[in-house]
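Counting begins at 1 with the first residue of the sequence. As the structure is a prediction and not an experimental result, all values here were calculated from the model.
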Amino acid sequence: MINLAKEMNGVRTAVIAGHIRPDGDAIGSCLGLYFYIRENYPEVSCKVYLEETPNAYRNVCGVDEIRHEIDETEEPDVFFCLDCADEKRLGAAGKLLGKAKHSVCIDHHISNGGFGDVNYIVPQASSTSELIFTVLDEEKIPFHTAEALYMGIVHDTGVFRHSCTSPETMEIAAKLMRKGINCSQIINTTYYEKTYHQNQILGRALLESILLLDKKIIFSAIRKKDMDFYCVEPSDLDGIVQILMSTAGTEAAIFLYEIKSHEYKVSMRSKEIIDVSEIASYFGGGGHIRAAGCNMQGSIYDVVNNITLHMEKQLRKKQNEEKQQV
Ligand code: 5GP
Ligand code: MN
């Protein structure tokens, strides 16, 4: 556990940053801490750096204060690195990490080796937003921090549905709710609501999905030309992999989208058996046991073949263990 008051002692300038292609938890944890520092340390100049905000979060309070271009002359007293498994995934903001006098890394990615001066990494935590709550003084949490942290928890737990949701997660969510935030609005507008085009491309991904490995794995891919046709950005594809995995009988879902010719962004989700973080790490990515990703090169066929080989191995190992127990 870290002591935020200690980390903020004597600080005049603070920078907060999260992972590239920010999701609900990266945005929620960064904005949550930002509003807390602004409220409780008014003498501190605090800036948040994240890549472009996906459309789903456009109405979230504070997103217009997020900076997307870094100021390279900056030498912050403290750099908070949130929800980011490694330095590379900080993107441009990584340049400021090296210049900071002190760095604090708060994260829940199992693949995070701890690259800050001070590290608070809890892989069992549902989200970085949940961890941020635990380092704050509950009485001093302002309304907008509560909104942002609640949003982060909602997104990384798939609305309190994934196995990372613990009794502590629910207790923290309840405490945030008591700050008077509009929970159903946060859930509906940032998590469930999709544009017409997003729903069209979701339909396309579902229509073209295929079942592999004895129907245990569901797979789908979207090519660049389809993204152009439906006028969608990569962030518009968030959530598709989760919906693929809701298919009964599957153990895991693989979703790819083309970044450039022969290069794909891979998203994987798993229910109970497969450790997708291990597979993503093998291919140079990372994430969590039940949700992970990486970039891979080759044809769609190569990518899916390479991944399913690993999944098959894990499924077979589990079957053998079960046989031995009988
Ligand atoms: P998603 O499939 O939603 O993009 O990502 C699932 C989880 O895996 C997230 O926690 C995300 O941070 C992590 N992740 C996705 N892609 C990569 C990657 O290329 N490298 C690493 N280290 N983590 C990734
Ligand atoms: Mn997260």
Side-chain angles (χ1 to χ4, degrees), residues 18-29 50-60 63 83 108-109 126-129 148 150-165 169 183-210 217-224 226-227 229-248 250-259 264-271 274 276-277 280 285 287-295 307:
H19 67 75
I20 50 171
R21 285 189 297 272
D23 58 7
D25 188 32
I27 297 171
S29 56
L50 285 169
E51 278 189 353
E52 224 38 62
T53 309
N55 253 332
Y57 309 100
R58 68 193 175 282
N59 293 325
V60 171
V63 288
D83 200 37
H108 68 132
H109 287 94
S126 72
S127 52
T128 301
S129 297
Y150 187 85
M151 178 182 81
I153 295 173
V154 159
H155 279 256
D156 266 19
T157 59
V159 193
F160 308 106
R161 181 168 47 130
H162 303 331
S163 55
C164 60
T165 312
T169 314
C183 296
S184 54
Q185 191 201 36
I186 292 170
I187 294 170
N188 286 324
T189 59
T190 70
Y191 191 89
Y192 286 112
E193 197 176 275
K194 301 288 172 192
T195 63
Y196 179 66
H197 289 301
Q198 279 181 300
N199 279 333
Q200 280 195 312
I201 201 134
L202 164 67
R204 175 87 185 240
L206 291 175
L207 264 175
E208 295 188 351
S209 65
I210 52 172
I217 308 299
I218 186 159
F219 157 76
S220 192
I222 294 286
R223 290 183 174 81
K224 184 87 179 63
D226 299 321
M227 291 170 68
F229 180 79
Y230 290 104
C231 310
V232 294
E233 305 275 314
S235 66
D236 292 325
L237 307 174
D238 283 355
I240 292 182
V241 67
Q242 205 56 55
I243 294 171
L244 285 169
M245 209 186 54
S246 65
T247 309
T250 58
E251 268 306 327
I254 309 166
F255 177 66
L256 319 181
Y257 65 82
E258 192 177 5
I259 306 171
Y264 292 87
K265 175 77 206 163
V266 180
S267 276
M268 291 178 274
R269 297 292 184 272
S270 135
K271 283 181 186 155
I274 296 172
V276 287
S277 143
H288 312 284
I289 293 172
R290 305 279 170 245
C294 54
N295 285 18
I307 295 173

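Across Ala280 and Ala292, no two heavy atoms sit closer than the pair CB-CB, 3.7 Å. Considering all non-hydrogen atoms of both residues, Val266 and Met268 come closest at CG1-CG, 4.0 Å. Counting all heavy atoms, side chain and backbone alike, Ser29 lies closest to Ser129 at N-OG, 3.3 Å. Closest of all the heavy-atom pairs between Tyr257 and Pro234 is OH-CB, 3.4 Å. The nearest pair of heavy atoms linking Ser277 to Ile289 is CB-N, 3.7 Å.
Residues satisfying the side-chain hydrogen bond (donor to acceptor under 3.5 Å, both in side chains) test with Asp226, not counting sequence neighbours, are Arg204. Applying the side chain to side chain contact (heavy atoms under 4.5 Å, CB included) test to Asp236 and every residue at least two apart in sequence or in another chain returns Gln198, Val232, Glu233. With sequence neighbours excluded, no residue forms a salt bridge (Lys or Arg N to Asp or Glu O under 4.0 Å) with Lys271.
A side-chain N or O of His19 and one of Asp83 form a donor-acceptor pair less than 3.5 Å apart. Between the side chains of Asp238 and His155, not a single donor N or O lies within less than 3.5 Å of an accepting N or O.
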Practice problem: Please lay out, stage by stage, how Ser127 and Ile153 fare under the test side chain to side chain contact (heavy atoms under 4.5 Å, CB included). | Solution: CA-CA 6 Å; Ser127 52; Ile153 295 173; 3.4 Å; yes
Quiz item: Passes side chain to side chain contact (heavy atoms under 4.5 Å, CB included), Thr128 versus His108? Steps please.
Solution: CA-CA 6 Å; Thr128 301; His108 68 132; 3.2 Å; yes
Practice problem: Apply the test side chain to side chain contact (heavy atoms under 4.5 Å, CB included) to residues Lys265 and Leu237: give CA-CA distance (whole Å), side-chain angles for both, the deciding distance (0.1 Å), then the verdict. | Solution: CA-CA 11 Å; Lys265 175 77 206 163; Leu237 307 174; over 6 Å; no
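Each of Ile254, Leu244, Ile307 was evaluated against Phe219; a single residue qualifies, Ile254, per the side-chain contact (heavy atoms from CB on, under 4.5 Å) test.
For the pair Tyr264 and Ile259, the minimum side-chain heavy-atom distance is 4.5 Å or more.
Ring geometry for His288 against His109 counts as parallel: the plane angle stays under 30°, on a 0 to 90° scale with 60° as the upper cut.
Ser220 places a side-chain N or O within donor-acceptor distance of the main-chain N or O of Ala205, the cut-off being under 3.5 Å. Tyr192 places no side-chain N or O within 3.5 Å of a backbone atom of Ile187 that could act as its donor or acceptor partner.
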